[in-house]
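First up is the structure itself, then whatever we jot down about it.
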Protein chains: 2
Amino acid sequence: MQQRSEETRSRIIESAIKLFSNRGFNAASVDDICKDAGISKGAFYHHFESKQALFLALLDDWLQTIDNAIETSKDKPVPETFMQMTEAFPYIFETAGAGLPMFLEFWLQASRDEKIWQTSIAPYRRYHKHFTSLIKKGVEEGSFVEVNPELASRMIISTAMGLLLQSLLDPKGAKWEKVARDSTNMLVHSLMKK
Amino acid sequence: MQQRSEETRSRIIESAIKLFSNRGFNAASVDDICKDAGISKGAFYHHFESKQALFLALLDDWLQTIDNAIETSKDKPVPETFMQMTEAFPYIFETAGAGLPMFLEFWLQASRDEKIWQTSIAPYRRYHKHFTSLIKKGVEEGSFVEVNPELASRMIISTAMGLLLQSLLDPKGAKWEKVARDSTNMLVHSLMKK
DNA sequence: TAATAAAAACCGACTGGTCAGTTTGTTTTT
DNA sequence: AAAAACAAACTGACCAGTCGGTTTTTATTA
């Protein structure tokens, strides 16, 4: 079977995500990952040059997901995209929420390595640009009130980021899906012309 | 001089903040901290029981700062407090901004230890409660429009948290002090009755 | 005020353990 | 048979924390 190799690889990745999230990059040793994945160290270093390389592979996957999300919403009407974003929030809280500790781990690692850093923040930049142009278009089309697209974009991103952080700080403090939905609704409606 | 001991202690703390921020909790070794502070390991372990204990001491300091900020704004009129918050933003970006990687480091450490965790999120809970009651009061007094105080509080905190994160992701992407000021102004004015 | 005892602060070599990465050899696939 | 995939013992560096001893500060007493 030529699948065996690939299965080993994905087993490593699966275990790495789990252990990096639970214990952090440094505290999760290569031995731990191997044990969890049920493989040997030799197999690990056959598939990944180093622990850092595994980290970069995970980072790439994560960034790809973000880029895809931007790409798929690229050519839809402006207000629709925004409402879609609202609907997407509960999903974000389910998925990104669980993975946010790892993302923060990523980000802290990245912030200490210029090359990784530049790679890792590129999607954020694209995300902001996407939103800015979306709002700009909405204003020009007349579906949005007169706003500063730059500022509005940053505020929307802030709300999402901030709510995610809060949901992790205080998991049982609120029905976060509902908070997210209501907040985004408020923002979107304050942008839309009546 | 009875100050010598205290100076050593603060030298340790100063170096710890610097190195934890730059390299992270794990990567900054006790030896590194001692070397940077210009003291010996014996001196270090005379002042702190363990590396973890040093970490907790830093955490305490940080949490104290937050609690003080809440306390000092406790008995001022509602709209005034909000405007004060707006004015305080540039300061937050100067101080908390530089320290946020360390705070995240703290927080990631904390999230893996139930006891530390409970301690570290308590100020956030107080902060949220403070804001909620502040908005509630404003609504009852008639200086604010009818809003859900819970939701409004979470949105304001989100904006602050989210902008801080963004300012770190994209340091040169915007004049963050201005963005923060404008955003908070928008939020506050949308709350206040005309 | 000076001498001295006790305690606090500090030094730095050392220990036991961990961990990323290597190497040598074996099994499985092509 | 050749190459890819895997196993696991091993290496060298590093690191948190210890320990026996020294210096400095503080308290006590004459």
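Reckoned from all heavy atoms, side chains included, excluding hydrogens, waters and symmetry mates. It should be emphasised that the depicted structure is a prediction, and the values quoted were computed from it without experimental measurement.
Counting non-hydrogen atoms of neighbouring residues, nucleotides and ligands closer than 6.0 angstrom, the CD atom of Gln118(B) exceeds 12 such neighbours.
Salt-bridge check for Asp182(A) with Lys178(A): passed, with a basic side-chain N closer than 4.0 Å to an acidic carboxylate O.
Taking only side-chain atoms of Ile39(B), from C-beta outward, the nucleotide of dT24(D), dT18(D), dC11(C) with the closest atom is dC11(C). Taking the side chain of Lys51(B) as heavy atoms from C-beta on, and the options dA7(D), dA16(D), dC10(C), the nearest nucleotide is dA16(D). Side-chain proximity of Ala43(B) to the nucleotides dC11(C), dA7(D), dC15(D) is greatest for dC11(C).
One atom, CZ of Phe48(B), and another, P of dA16(D), lie 15 Å apart when rounded to the nearest Å. Regarding Tyr45(B), its OH atom lies at a distance of 6 Å from the P atom of dA16(D), rounded to whole Å. Going from atom CZ of Arg11(B) over to atom C1' of dC10(C) covers 12 Å, rounded to whole Å. Rounded to whole Å, atom P of dT18(D) lies 14 Å from atom CG of Asp31(B). The interatomic distance linking Ile33(B) (CD1) with dA16(D) (C1') rounds to 11 Å, in whole Å. Counting to the nearest Å, the P atom of dA16(D) and the CG atom of Asn26(B) are 9 Å from each other. One atom, NZ of Lys35(A), and another, P of dA8(D), lie 13 Å apart when rounded to the nearest Å. One atom, CD of Gln52(A), and another, P of dG21(C), lie 9 Å apart when rounded to the nearest Å.
Annotation: side chain of Phe48(A) is in contact with side chain of Arg9(A) (closest heavy-atom distance under 4.5 Å).
The aromatic rings of Phe55(B) and Phe25(B) lie perpendicular to each other, with more than 60° between the two planes, well past the 30° mark. Between Tyr124(B) and His128(B), the ring-plane angle classifies as parallel under the 30° and 60° cut-offs.
For dG12(C), neither phosphate oxygen OP1 nor OP2 lies less than 4.0 angstrom from any side-chain nitrogen or oxygen of Ser40(B). In this model, the phosphate group of dA5(D) is approached by a side-chain N or O of His46(A) to a distance below 4.0 Å at OP1 or OP2. Side-chain N/O atoms of Thr8(A) include one lying less than 4.0 angstrom from OP1 or OP2 on dC6(D). For the OP1/OP2 pair of dC6(D) and a distance below 4.0 Å, the side-chain nitrogens and oxygens of His47(A) include at least one atom meeting the criterion.
For a distance-only test at 3.5 Å, the side chain of Lys41(B) fails to qualify as a donor-acceptor partner of the base of dA13(C).
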